[in-house]
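Let me begin by presenting the structure, written as structure tokens, before commenting on it.
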Amino acid sequence: MKHFAHLADLAVLVGQPLADSDWLTVEQSRIDAFAQATSDHQWIHVDPVRAAEGPFGATIAHGFLTLSLLPVLLASAYTIDDVRMGINYGLNRVRFPAPVPVGSRLRARLKLLGFDKLPDGGAQLTIEATVECEGSSKPVCVAEMLTRKHV
């Protein structure tokens, strides 16, 4: 976990790595819960028997499940003491270059792409999050995130 005392400390880090998250294991129970919440019950996600014979050899996480894990991954990567609130503002670009097989361990590597001051003294951060799957040569998600931090 990387620690910053002040949001303003990040301004000089634009273009540099920001932090790496902890590892998170994607269990079938999480995949099933996501399928239930989104009504996306495609067999490659929720049918372990059929998926074992499919193209990935096991069930895989939904791409949007992987994307939805970014907040928990970021929370384990860094803290900023003087930020009282953060808001997800959107995404500029998202790709899912590789699947996430059930039981995989994921982490996010974060790079600060932009720091734009807000009128209230906060800042909008543009962060490139590259989600890695342990043992895989390709990332499973690359997202350019916009988050607003308020002090």
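These numbers come from the heavy atoms of this one structure, side chains and all, not from hydrogens, waters or symmetry mates.
When every heavy atom of Met1 is checked against every heavy atom of Ala75, the shortest pair comes out as CE-O, 3.2 Å. Closest heavy-atom contact between Lys138 and Ser136: O-OG, 3.1 Å. The two residues Ala51 and Trp43 come nearest to each other via the heavy atoms CA-CZ3, 3.8 Å. Closest approach of Ala19 to Tyr78, counting heavy atoms only: CB-CB, 4.3 Å.
Here the CG atom belonging to Leu24 is positioned 9.5 Å from the CZ atom belonging to Arg105, to the nearest 0.5 angstrom. For the atom pair NZ (Lys2) and OG1 (Thr79), the distance works out to 11.5 Å, reported to the nearest 0.5 Å. Rounded to the nearest 0.5 Å, atoms OH (Tyr89) and CE (Met145) are 14.5 Å apart. Here Leu18 contributes atom CG and Arg109 contributes atom CZ; the two are 13.0 Å apart, rounded to the nearest 0.5 Å. Taken from NZ in Lys149 to CG in Leu7, the straight-line distance is 8.5 Å, to the nearest 0.5 Å. To the nearest 0.5 Å, atoms CG (Leu74) and CG (Leu69) are separated by 11.5 Å.
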Go through His6 and Asp81 one step at a time and tell me if the side chain to side chain donor-acceptor pair (under 3.5 Å) criterion holds. CA-CA 6 Å; His6 304 285; Asp81 287 344; over 6 Å; no
Walk me through it: do Arg148 and Leu118 pass the test side-chain contact (heavy atoms from CB on, under 4.5 Å)? CA-CA 8 Å; Arg148 289 191 166 188; Leu118 296 174; 4.0 Å; yes
Go through the steps for Glu132 and Val140 under the test side-chain contact (heavy atoms from CB on, under 4.5 Å), then give the verdict. CA-CA 6 Å; Glu132 300 175 335; Val140 296; over 6 Å; no
Does Ser104 form a side chain to side chain donor-acceptor pair (under 3.5 Å) with Glu134? I'd like the steps, not just the answer. CA-CA 7 Å; Ser104 294; Glu134 190 174 47; over 6 Å; no
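The hydrophobic clustering, which links ILVMFWY residues whose side-chain heavy atoms are closer than 4.5 Å, places Ile87 and Leu113 apart. Hydrophobic clustering (ILVMFWY, side-chain heavy atoms < 4.5 Å, transitive): Ile127 and Val83 are in one cluster. Both Leu13 and Val151 are members of a single hydrophobic cluster when ILVMFWY side chains are connected at heavy-atom separations under 4.5 Å. Under the 4.5 Å side-chain heavy-atom criterion for Ile, Leu, Val, Met, Phe, Trp and Tyr, Val72 and Leu110 are members of the same hydrophobic cluster. Met85 and Phe115 are members of different hydrophobic clusters when ILVMFWY side chains are connected at heavy-atom separations under 4.5 Å.
Judged by distance alone, the side chain of Asp120 and the main-chain N or O of Gly122 form a donor-acceptor pair under 3.5 Å. Between the side chain of Thr25 and the backbone N or O of Glu27 there is no donor-acceptor pair closer than 3.5 Å. Ser76 places a side-chain N or O within 3.5 Å of a backbone atom of Leu73 that can act as its donor or acceptor partner.
Looking at Val131 and Leu70, their side chains come closer than 4.5 Å, going by heavy atoms from C-beta outward. Taking the side chain as every heavy atom from C-beta outward, Ile60 and Val102 never approach each other to under 4.5 Å. Side chains of Ile31 and His45 form a contact here, defined as non-hydrogen atoms less than 4.5 Å apart. Within the 4.5 Å cutoff, side-chain heavy atoms of Thr59 are placed close to those of Gln28. For the pair Thr126 and Thr147, the minimum side-chain heavy-atom distance is 4.5 Å or more. Inter-residue side-chain proximity for Leu125 and Leu10 is flagged as met; some heavy-atom pair is nearer than 4.5 Å. Residues Pro101 and Phe56 are not in side-chain contact: their nearest non-hydrogen atoms beyond the backbone lie 4.5 Å or more apart. In this structure, the side chains of Leu65 and Arg30 come closer than 4.5 Å at one or more pairs of heavy atoms.
Residue-environment remark: CD (Gln42) exceeds the threshold of 12 foreign heavy atoms within 6.0 Å.
Salt bridge annotation for Glu144-Arg93: absent, with no cationic side-chain nitrogen under 4.0 angstrom from a carboxylate oxygen. At a threshold of 4.0 Å, the pair Lys111-Glu128 does not count as salt-bridged, since none of the basic side-chain nitrogens sits closer than that to a carboxylate oxygen.
Under the 30°/60° scheme for interplanar angles, the aromatic rings of Phe64 and Phe96 are found to stand perpendicular.
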